[in-house]
Undergrad: 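Following this message is one structure expressed as structure tokens.
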Amino acid sequence: MPLEARATRFAPSPTGPLHLGHAYAALIAQERAGAGRVLLRIEDIDQSRCRPEFETQIYDDLRWLGFDWVGPVMRQSDRLPAYRAALAGLAAVGVIYPCRCTRADIRASLSAPQEGAPLGPDGVTYPGTCRARSMSEASPQDAIRLNMSAALARVGRLSFVEHGPEHPGRHVIDNDWLRDVAGDVVLARRDMGTSYHLSVVVDDAAQAITEVTRGSDLFDATSVHVLLQALLQLPQPSYYHHALIRDDDGKRLAKRDDARALALCRAHGQTPDDIRLSLGLAPDA
Ligand code: GLU
């Protein structure tokens, strides 16, 4: 691919102030774009947790940091029709179903031997209680799940290319893991019309992203995304999963770690190059 055709993205959720971990993710996206384009997407599907003031602060922090995104910002809250269309496509091939189980229902139906079982990208594996329900009986109070076995039966052997430092190379998707551990992941949360997995796949395609850069905590989710790309006949990007920035105790930075908020670093007189240096990145050229 010509270098200038590369496109990466930074996709923060406006649920708190950006911290050093976000700065790292944004700067890695910019670095990986090279002579190509880096885009910005605001992942605000969970309106109960997102705040407009955090979104405003994201733009401000990113400009200060020297993150130069190209083109209009994509906001997931504007994209519900695209998610609905993707769900309709999946319904047409019979790989999704409505689910009325609450978290408590799911916990109750999991028997004790499940304790200690491996967790999928969304936590415990859904036991399949609603799998026989049909989309014709779906109501807005239902979540929509992927019927993983039915989905896997429609695709061949899948793989993706990883460029990140931890596991570089081509990765063949482990279908047994998808079926037995990831299980019937949620594609639309109750009253939300979409989920992280569906939105990210639909939007990376809509923004013509050629390389998805993100934290290594999302490495497992990539198998789900590659499967969705195949089912929806969307182009497959390559991936670059980067290390997570941790605090001095080795804990992953969370948004409530306000001491690491970029705005505070800035208020304390740190420069964007100080931030780069503390993240192990070269100063801005
Ligand atoms: N919105 C996600 C986050 O803030 C990033 C998702 C992704 O890059 O796929 O962690």
Side-chain angles (χ1 to χ4, degrees), residues 6-13 15-34 36 38-43 46 58 62 65 67 117-125 158-178 180-183 185-186 195-201 203-204 207 209-229 236-257 260-262 275-282:
R6 275 203 196 179
T8 65
R9 56 25 172 220
F10 175 54
S13 294
T15 54
L18 293 189
H19 56 65
L20 288 176
H22 293 103
Y24 188 64
L27 294 171
I28 291 279
Q30 183 153 288
E31 189 177 291
R32 292 294 301 172
V38 56
L39 291 93
L40 180 60
R41 182 165 77 228
I42 300 293
E43 301 215 322
D46 188 347
I58 286 174
L62 289 178
L65 187 64
F67 174 84
L119 294 180
D122 297 345
V124 296
T125 314
L158 299 174
S159 65
F160 67 93
V161 173
E162 167 71 21
H163 294 297
E166 286 174 29
H167 318 278
R170 180 168 284 281
H171 291 256
V172 175
I173 303 289
D174 179 348
N175 288 1
D176 293 342
W177 180 87
L178 273 178
D180 301 336
V181 181
V185 291
V186 170
S195 69
Y196 163 64
H197 299 305
L198 184 70
S199 301
V200 89
V201 163
D203 292 345
D204 282 335
Q207 289 189 296
I209 299 303
T210 63
E211 183 172 292
V212 169
T213 63
R214 60 185 177 199
S216 56
D217 54 325
L218 291 166
F219 190 85
D220 282 353
T222 299
S223 299
V224 174
H225 300 175
V226 167
L227 171 62
L228 289 175
Q229 286 150 8
Q236 189 193 92
S238 61
Y239 288 84
Y240 184 104
H241 292 91
H242 59 74
L244 300 177
I245 300 297
R246 299 183 185 275
D247 65 14
D248 298 337
D249 302 326
K251 267 201 340 259
R252 192 186 158 192
L253 288 185
K255 288 181 190 169
R256 38 192 177 279
D257 288 322
R260 307 296 173 116
L262 273 188
I275 302 286
R276 285 173 169 272
L277 207 64
S278 72
L279 294 170
L281 298 168

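By convention here, the first residue in the shown sequence is residue 1.
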Undergrad: Are any side-chain N or O atoms of Ser199 and backbone N or O atoms of Tyr196, one a donor and one an acceptor, separated by less than 3.5 Å?
TA: no
Undergrad: Measure across Ser195 and Val186 and return the closest heavy-atom pair with its distance rounded to 0.1 Å.
TA: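 Here Ser195 and Val186 meet closest at OG-O, 2.9 Å.
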Undergrad: Just checking, is any N or O donor in the side chain of His241 or Glu162 under 3.5 Å from an acceptor N or O on the other one?
TA: yes
Undergrad: For His167, give me all partners under ring-ring contact (aromatic ring centres under 6.0 Å, His included), at least two apart in sequence or on another chain.
TA: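 Per chain and number, His167 pairs via ring-ring contact (aromatic ring centres under 6.0 Å, His included) with Phe219.
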Undergrad: Considering only heavy atoms from C-beta outward, does the side chain of Phe10 approach that of His22 to under 4.5 Å?
TA: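 A side-chain contact under 4.5 Å exists here.
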Undergrad: Between the side chains of Ser159 and Arg170, is a donor N or O closer than 3.5 angstrom to an acceptor N or O?
TA: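 Yes, side-chain donor-acceptor contact under 3.5 Å.
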Undergrad: Calculate, to the nearest 0.5 Å, the distance between atoms CG and CG belonging to Leu27 and Leu65 respectively.
TA: 4.5 Å
Undergrad: Are Asp217 and Leu244 close enough, and set up right, to give a side chain to side chain contact (heavy atoms under 4.5 Å, CB included), and what steps lead you there?
TA: CA-CA 8 Å; Asp217 54 325; Leu244 300 177; 3.5 Å; yes
Undergrad: Are the side chains of Leu18 and Pro12 in touch, meaning some heavy atoms are under 4.5 Å apart?
TA: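 Yes, close enough: below the 4.5 Å cut-off.
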Undergrad: To the nearest 0.5 Å, tell me how far Tyr240 OH sits from Glu211 CD.
TA: 8.0 Å
Undergrad: Which heavy atom of Phe67 sits nearest a heavy atom of Leu39, and at what distance?
TA: CZ-O, 4.2 Å
Undergrad: Report the distance from atom OG of Ser238 to atom CZ of Arg6, rounding to the nearest 0.5 Å.
TA: 7.5 Å
Undergrad: Do Leu178 and Ile173 come within less than 4.5 Å of each other through their side chains, counting heavy atoms only?
TA: yes
Undergrad: Which heavy atom of Val212 sits nearest to which heavy atom of Pro237, and what is that distance?
TA: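 Taking every non-hydrogen atom into account, CG2-CG, 3.7 Å.
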Undergrad: Is the distance from the ring center of Tyr239 to that of His163 below 6.0 Å?
TA: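 For Tyr239 and His163, the ring centres are not under 6.0 Å apart.
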Undergrad: Looking only at heavy atoms, what is the nearest atom pair of Pro121 and His197, with distance?
TA: CB-CE1, 4.2 Å
Undergrad: If you round to the nearest 0.5 Å, how far is CD of Gln236 from CG of Leu228?
TA: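 Atom-to-atom, Leu228:CG and Gln236:CD are 12.0 Å apart.
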Undergrad: Give the minimum heavy-atom separation between Leu20 and Leu279, together with the two atoms involved.
TA: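 Residues Leu20 and Leu279, closest heavy atoms: O-CD2, 3.7 Å.
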Undergrad: Looking only at side-chain N and O atoms, does His171 offer a donor or acceptor that is under 3.5 Å from a partner on Ser223?
TA: no
Undergrad: Are the side chains of His19 and Leu262 in touch, meaning some heavy atoms are under 4.5 Å apart?
TA: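 They are not in contact (no side-chain heavy atoms under 4.5 Å apart), so the answer is no.
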Undergrad: Under the criterion side chain to side chain contact (heavy atoms under 4.5 Å, CB included), which of Ile28, Thr210, Val38, Asp204 is the partner of Thr8?
TA: Val38
Undergrad: Does the side chain of Tyr24 reach to within under 4.5 Å of the side chain of Leu281, using non-hydrogen atoms?
TA: yes
Undergrad: Is it the case that the side chain of Thr125 and the backbone of Ala182 share a donor-acceptor pair, with hydrogens and angles ignored and the cut-off at 3.5 Å?
TA: no
Undergrad: Check whether the side chains of Arg9 and Thr213 place a donor and an acceptor atom closer than 3.5 Å, and report yes or no.
TA: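 Their side chains do not contain a donor-acceptor pair, so the 3.5 Å distance test is not met.
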Undergrad: Report the distance from atom CG of Leu158 to atom CG of Asp174, rounding to the nearest 0.5 Å.
TA: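 So the gap between those two atoms works out to 11.5 Å.
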Undergrad: Can you find a side-chain donor-acceptor pair between Gln207 and Arg41 that sits under 3.5 Å?
TA: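 Result is yes, a qualifying pair exists.
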Undergrad: For residues Ala26 and Leu62, report the shortest heavy-atom separation together with the two atoms involved.
TA: CB-CD2, 4.0 Å
